[in-house]
Amino acid sequence: MRRLGNTRRTRRPGRTGQAVGAGVACAAALAALTAVPAQAHEPGHRAPHWAAKDTGSSGVRLRGLAAVSRDTAWVAGTQGTVLRTTDGGASWRNVSPPGAGELQFRDIEAFDARRAVVLAIGEGEASRVYRTDDGGASWTESFRNTDAKAFYDCLTFFDRRHGLAMSDPVGGRFRILSTADGGRSWKVLPDAGMPPALDGEAGFAASGQCLVSAGSRDVWLATGGAARARVLHSADRGLTWTVSDAPIPAGDPARGVFALAFRDRAHGLAVGGDYRPDQSSARPAARSTDGGRTWRPADRPPPAYRSGVAWLPHSRTAALAVGPTGTDLTTDGGRTWRTVDTGSYDTVDCTPDLGCWASGEQGRVARLES
């Protein structure tokens with residue numbers, strides 16, 4: 001979305017089976033997180049918290065995040081920056097694509113420690129996709145937008161081969177790119193099955209979570225900027241779409257749904273609001289239990305705009321939402337939220353071994369630790 005200026009899901013591909021062996025440690029960590037209020041004042045208790053990891057990139061805003069495990073994560077952001085850690089954030093390697101210094105990377109999807117796909121946003125040729133197969137030692141540009149009216153915002157993958165990218169409306173409809181070879185090549189899908197966009201409607205390239213998937217075929221697209229905030233859903237990998245309204249602030253170019261997370265085909269969370277710091281966001285979170293056909297506002301929402309959201313692994317009801325003014329936790333599937341941290345983060349992602357990561361402004365990256 002152009003108007004966001006310089007201001008993800010969601011399941012990452014290729015991680016099936018990683019939960020094996022996580023077992024007791026994951027269950028204990030999750031129990032500790034969801035029991036914060038009861039234990040917070042016990043002598044010697046240290047609640048799970050965001051532990052900052054020094055990336056050495058304080059001048060960069062990292063809105064793209066792909067968590068692979070507790071040890072491995074990729075982040076991407078301004079100044080064409082891509083960073084990778086394989087030791088839990090103790091050290092970071094700058095693996096930015098050569099010559100990309102003028103680009104803004106807003107989304108990254110990683111298959112493992114060596115293979116990743118990153119999206120640069122912007123009008124015309126500023127929107128590009130790169131892929132690496134060697135941990136960022138080299139990159140191949142696999143897509144460059146040549147339509148001046150297109151502006152790509154987000155990526156998602158169903159598995160290691162099949163994925164989509166979305167652009168703001170072109171000719172009155174959102175544009176969808178598709179890949180069947182892991183992001184090595186892309187094609188524009190026909191838009192006959194895409195509902196017309198509302199006046200001013202677009203996506204927010206704020207956290208890499210405006211396009212998310214669950215399972216092998218279902219994908220959801222979040223919108224804002226129009227009279228109503230909406231969520232679009234496709235059950236056939238982007239060929240046909242249905243649309244529903246979301247009860248999140250709208251009616252202004254700065255308002256709408258900024259991020260989505262689905263833990264399965266039915267249960268989803270939406271967060272957003274008004275990203276301007278001097279504007280309130282009265283209802284910045286909603287939930288769905290029917291695959292996004294209907295949405296209900298949170299009974300007790302986060303206190304302000306939130307740009308990223310992720311379900312916690314091994315839980316049917318717990319999730320984290322992040323934004324510039326803090327992190328909130330729900331333990332009841334999005335009905336109620338409570339603030340558990342006041343640091344600024346733009347996006348969040350969790351792995352089956354409970355490797356929850358967050359990233360944001362001033363090169364900030366953190367991992368959830370207890």
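Side-chain atoms are counted along with the backbone in the values below, which use heavy atoms only and exclude waters and symmetry mates.
Formation of a donor-acceptor pair under 3.5 Å by the Arg106 side chain with backbone atoms of Gly208 is not found in this model. A donor-acceptor contact shorter than 3.5 Å is absent between the side chain of Ser178 and the backbone of Leu164. A donor-acceptor pair under 3.5 Å links the side-chain atoms of Thr78 to the main chain of Arg61, judged by distance alone. In this structure a side-chain-to-backbone donor-acceptor pair under 3.5 Å is present from Thr179 to Ser185. Checked by atom type and distance alone, the side chain of Ser213 never pairs as donor or acceptor with a backbone atom of Asp218 at under 3.5 Å. Within the 3.5 Å criterion, the main-chain N or O of Gly363 finds no donor-acceptor partner in the side chain of Ser57. With hydrogens and angles ignored, the 3.5 Å screen pairs no side-chain donor or acceptor of Ser359 with any backbone N or O of Arg63. Under the 3.5 Å distance criterion, the side-chain polar atoms of Asp191 are left unmatched by any main-chain donor or acceptor of Met194. Under the 3.5 Å distance criterion, the side-chain polar atoms of Arg84 are matched with a main-chain donor or acceptor of Ala113. Judged purely by atom type and a 3.5 angstrom limit, Thr85 uses its side chain to pair as donor or acceptor with the backbone of Ser91.
Residues Thr132 and Asp134 bring a donor and an acceptor atom of their side chains to less than 3.5 Å of each other. With hydrogens and angles left out, the side-chain atoms of Ser216 and Arg237 include no donor and acceptor closer than 3.5 Å. A donor-acceptor contact closer than 3.5 angstrom is absent between the side chains of His49 and Asp341. Between Ser69 and Asp71, the side chains place no donor N or O within less than 3.5 Å of an acceptor N or O (distance only, hydrogens not considered).
The nearest pair of heavy atoms linking Arg175 to Ala150 is NH1-CB, 4.3 Å. Pairing each heavy atom of Arg70 with each of Leu368, the nearest pair is NH1-O, 3.5 Å. When all heavy atoms of Thr223 and Arg228 are compared, the pair lying nearest together is OG1-O, 4.5 Å. Among all heavy-atom pairs drawn from Leu312 and Cys356, the shortest one is CD2-SG, 3.4 Å. Heavy-atom minimum distance, Ala110 versus Val68: CB-CG2, 3.8 Å. When all heavy atoms of Val117 and Gly182 are compared, the pair lying nearest together is CG2-O, 3.5 Å.
Residues Pro303 and Thr325 fail the side-chain proximity criterion, which asks for heavy atoms closer than 4.5 Å. Contact of the Gln279 side chain with the Asp252 side chain is not registered, since no non-hydrogen atoms from C-beta on lie closer than 4.5 Å. Considering only heavy atoms from C-beta on, Trp357 stays 4.5 Å or farther from Val75 through its side chain. Two residues are said to be in side-chain contact when any heavy atoms from C-beta on lie closer than 4.5 Å; Thr156 and Trp220 fail this criterion. No side-chain heavy atom of Pro302 sits less than 4.5 Å from a side-chain heavy atom of Val271. Side-chain contact check for Phe105 versus Pro97: some heavy-atom pair is nearer than 4.5 Å. Counting only heavy atoms from C-beta outward, the side chains of Trp241 and Leu221 approach each other to under 4.5 Å. By the 4.5 Å heavy-atom criterion applied to side chains, Asp332 and Thr330 are counted as neighbours.
Among pairs with a residue in residues 168-198, none fulfils ring pair (Phe, Tyr, Trp, His ring centres under 6.0 Å), at least two apart in sequence or across chains.
Taken to the nearest 0.5 Å, the NZ atom of Lys53 stands 15.0 Å off from the CG atom of Leu83. How far CG of Leu211 is from CG of Asp107: 8.5 Å, rounded to the nearest 0.5 Å. Note that OG of Ser207 and CG of Asp153 are 10.5 Å apart. Values are rounded to the nearest 0.5 Å. In this structure, the separation between CG on Asp328 and OG1 on Thr339 is 4.0 Å, given to the nearest 0.5 Å. Taking CZ of Arg263 as the start and OG of Ser315 as the end, the distance is 8.0 Å to the nearest 0.5 Å. Note that CZ of Arg265 and CG of Asp290 are 12.0 Å apart. Values are rounded to the nearest 0.5 Å.
Other residues, nucleotides and ligands place more than 12 heavy atoms under 6.0 Å from the CD atom of Glu141. The neighbour count for Asp87 CG, taken as heavy atoms of other residues, nucleotides or ligands under 6.0 Å away, is above 12. More than 12 heavy-atom neighbours from other residues, nucleotides or ligands sit within 6.0 angstrom of CZ on Arg184.
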Quiz item: side-chain contact (heavy atoms from CB on, under 4.5 Å) between Asp346 and Leu62: does it pass, once the steps are laid out?
Solution: CA-CA 8 Å; Asp346 293 318; Leu62 301 167; over 6 Å; no
Exercise. Run the numbers on His267 and Arg287 for side-chain contact (heavy atoms from CB on, under 4.5 Å), then give the verdict.
Key: CA-CA 8 Å; His267 298 87; Arg287 68 190 190 278; over 6 Å; no
Quiz item: Could you go step by step and tell me if Ser244 and Arg293 meet the side-chain contact (heavy atoms from CB on, under 4.5 Å) rule?
Solution: CA-CA 6 Å; Ser244 60; Arg293 287 190 292 273; 5.8 Å; no
Practice problem: Any chance you could lay out the side-chain hydrogen bond (donor to acceptor under 3.5 Å, both in side chains) test for Asp349 and Thr351, step after step, and finish with the verdict? | Solution: CA-CA 7 Å; Asp349 192 20; Thr351 63; over 6 Å; no
Exercise. I would like to know whether Tyr130 and Val82 meet side-chain contact (heavy atoms from CB on, under 4.5 Å); could you show each step before the answer?
Key: CA-CA 11 Å; Tyr130 295 82; Val82 179; over 6 Å; no
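In this pair, Trp50 and Tyr345 present their aromatic rings tilted. The plane angle is within the 30 to 60° band. Ring geometry for Tyr275 against Phe258 counts as perpendicular: the plane angle is over 60°, on a 0 to 90° scale with 30° as the lower cut.
When each of Arg283, Arg306, Arg255 is paired with Asp274, the salt bridge (Lys or Arg N to Asp or Glu O under 4.0 Å) condition holds for Arg255 and for no other.
Under the 4.5 Å side-chain heavy-atom criterion for grouping Ile, Leu, Val, Met, Phe, Trp and Tyr, Leu198 is not connected to Phe204 through any hydrophobic cluster. In the hydrophobic clustering of this structure, Val170 does not group with Val243; members are Ile, Leu, Val, Met, Phe, Trp, Tyr whose side-chain heavy atoms approach within less than 4.5 Å, directly or through other members.
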